[in-house]
Amino acid sequence: MRTVIRREKNRRHQADHTVLPNRERTPQVFDKLEHLSQQLNFTLPECVISQLLISTDGFLVYAWCRCLFSVKRSAVFPSLESALHRLEDRALSRLIVDMESLTTSRFSALETLRQLAQSHPDLHIYLLAAGHDPALLNFLRACGPFHILRRDLPIAPFRQALLTPPDPHNASPPFQPAQWRLICTLAQGESLKCAARQLNLPYHRVAYRLARCLAQLGLPDRQSFLHLLHRLTLDANR
């Protein structure tokens, strides 16, 4: 009984403003990159989009929005046609196109991206492709100033590859404009003779340009090249 009374007496004499040591607030320490991203989020307007992802793959879109980047500065569209109003934005710095999930032909998408790269030279365009098709990867590298990324990369290397500025010295030599005109004609199903007539060139000149394309892509013969064009021109909706 005396012990209980003594405890109550000590409690009444204690100050009401006493704060326990373990309840003191300690300043939080943020990572420098996180602090920088928070500053950008508060300084940039809400309508500014810095990067676009073109994909219909639900798993990729989920990983992009939840694990890779903030949704505030990113946008996802199912096709290039639906993102045309955003592609002209000068604040856009990165465009990532999933070539394996396009709903239209990949060749038509490459033509659109080539025109976009000419009108928007500061835009970094990344193409996501499967890593088990070296002929397709070489063709994508030669189509323009594109950066090729494998779709099967883990999340951490994938994010690091997008955040690291690409080295222009590692880019492959692109197709020349005369070579691309020949490729577009062959992609329409025309033969070499018809391509020579449409391009107003002698047949041996057209055959020489095609041979240079084969050597640049590392393909053994014309049939393999035409087969590659046929796969690129297939429409996923058909």
Side-chain angles (χ1 to χ4, degrees), residues 49-69 71 74-87 92-117 120 123-164 166 170-172 174-175 180 183-184 186-189 213-214 216-219 223-238:
I49 299 297
S50 61
Q51 57 187 358
L52 292 181
L53 172 64
I54 308 297
S55 178
T56 57
D57 189 347
F59 293 100
L60 178 60
V61 173
Y62 181 85
W64 179 273
C65 298
R66 295 298 183 91
C67 304
L68 290 173
F69 298 101
V71 185
S74 303
V76 180
F77 292 91
S79 63
L80 288 171
E81 290 75 14
S82 60
L84 288 178
H85 65 287
R86 285 291 188 179
L87 295 179
L92 187 65
S93 61
R94 283 190 297 268
L95 174 63
I96 300 91
V97 182
D98 184 13
M99 300 300 293
E100 302 297 328
S101 67
L102 292 177
T103 57
T104 58
S105 68
R106 289 176 286 183
F107 192 85
S108 61
L110 289 173
E111 288 189 289
T112 304
L113 293 175
R114 282 174 58 90
Q115 298 175 3
L116 180 63
H120 200 336
L123 178 63
H124 297 291
I125 301 177
Y126 296 84
L127 304 182
L128 305 183
H132 57 78
D133 196 344
L136 176 61
L137 295 179
N138 293 334
F139 186 86
L140 295 179
R141 292 188 183 96
C143 283
F146 308 139
H147 314 291
I148 312 301
L149 292 179
R150 294 176 52 181
R151 296 182 82 253
D152 56 351
L153 283 177
I155 291 180
F158 186 82
R159 189 176 189 275
Q160 184 64 27
L162 290 176
L163 294 178
T164 303
N170 296 333
S172 302
F175 290 127
W180 184 251
I183 292 174
C184 292
L186 296 177
Q188 298 175 0
C213 292
L214 296 180
Q216 187 172 349
L217 298 176
L219 296 176
Q223 294 299 324
S224 57
F225 180 74
L226 295 178
H227 180 67
L228 176 61
L229 286 182
H230 176 70
R231 291 192 291 130
L232 291 171
T233 53
L234 287 178
D235 194 342
N237 295 324
R238 296 180 182 178

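The first residue of the sequence shown is numbered 1, and numbering continues consecutively from there.
Separating the OG atom in Ser224 from the CG atom in Leu214 is a distance of 6.5 Å, to the nearest 0.5 Å. Considering OG of Ser108 and CG of Leu102, their distance stands at 8.0 Å, rounded to 0.5 Å. The CE atom of Met99 lies 6.5 Å from the CZ atom of Arg106; values are rounded to the nearest 0.5 Å. The structure places CZ of Arg159 at 14.5 Å from CG of Leu153, a figure rounded to the nearest 0.5 Å. The distance from the CH2 atom of Trp64 to the OG atom of Ser55 is 10.0 Å, given to the nearest 0.5 Å. Of the inter-residue distances, the one linking Glu100 atom CD with Leu127 atom CG reads 10.5 Å to the nearest 0.5 angstrom.
Within the 3.5 Å criterion, the main-chain N or O of Leu234 finds no donor-acceptor partner in the side chain of Ser105. The closest donor-acceptor contact from the side chain of Ser50 to the backbone of Ser93 lies at 3.5 Å or more, if one exists at all.
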- When you look at Asp133 and Arg231, which way does the salt bridge (charged side-chain N to carboxylate O under 4.0 Å, His left out) test go after all the steps? CA-CA 12 Å; Asp133 196 344; Arg231 291 192 291 130; 2.8 Å; yes
- Evaluate side-chain contact (heavy atoms from CB on, under 4.5 Å) for Leu128 paired with Leu60, printing each intermediate quantity in order. CA-CA 11 Å; Leu128 305 183; Leu60 178 60; 3.8 Å; yes
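You'll find the side chain of Leu53 stays beyond 4.5 Å of the side chain of Phe77, heavy atoms only. In this structure, the side chains of Leu163 and Arg94 come closer than 4.5 Å at one or more pairs of heavy atoms. Asp57 is listed as a side-chain neighbour of Arg151, based on a closest heavy-atom distance under 4.5 Å. Trp180 is listed as a side-chain neighbour of Cys143, based on a closest heavy-atom distance under 4.5 Å. The shortest side-chain heavy-atom distance between Leu140 and Leu110 falls under the 4.5 Å cut-off. In this structure, the side chains of Leu136 and Leu232 come closer than 4.5 Å at one or more pairs of heavy atoms. With a 4.5 Å cut-off on side-chain heavy atoms, Cys213 and Ile183 count as touching.
Considering every non-hydrogen atom in both Glu111 and Cys184, the closest pair reads OE2-SG, 3.6 Å. Counting all heavy atoms, side chain and backbone alike, Tyr126 lies closest to Thr164 at OH-O, 4.1 Å. Scanning all heavy atoms of the two residues, the minimum distance from Ala117 to Phe146 falls at CB-CE2, 4.4 Å. Contact record, Gln216 with Ala142: NE2-CB, 3.7 Å, taken as the closest heavy-atom pair. Closest heavy-atom contact between Phe158 and Leu149: CE1-CD1, 4.1 Å. Among all heavy-atom pairs drawn from Ala83 and Leu52, the shortest one is CB-CD1, 4.4 Å.
Evaluated for a side-chain contact (heavy atoms from CB on, under 4.5 Å) with Leu113, the options Val97, Ile54, Leu123 yield exactly one hit, Val97.
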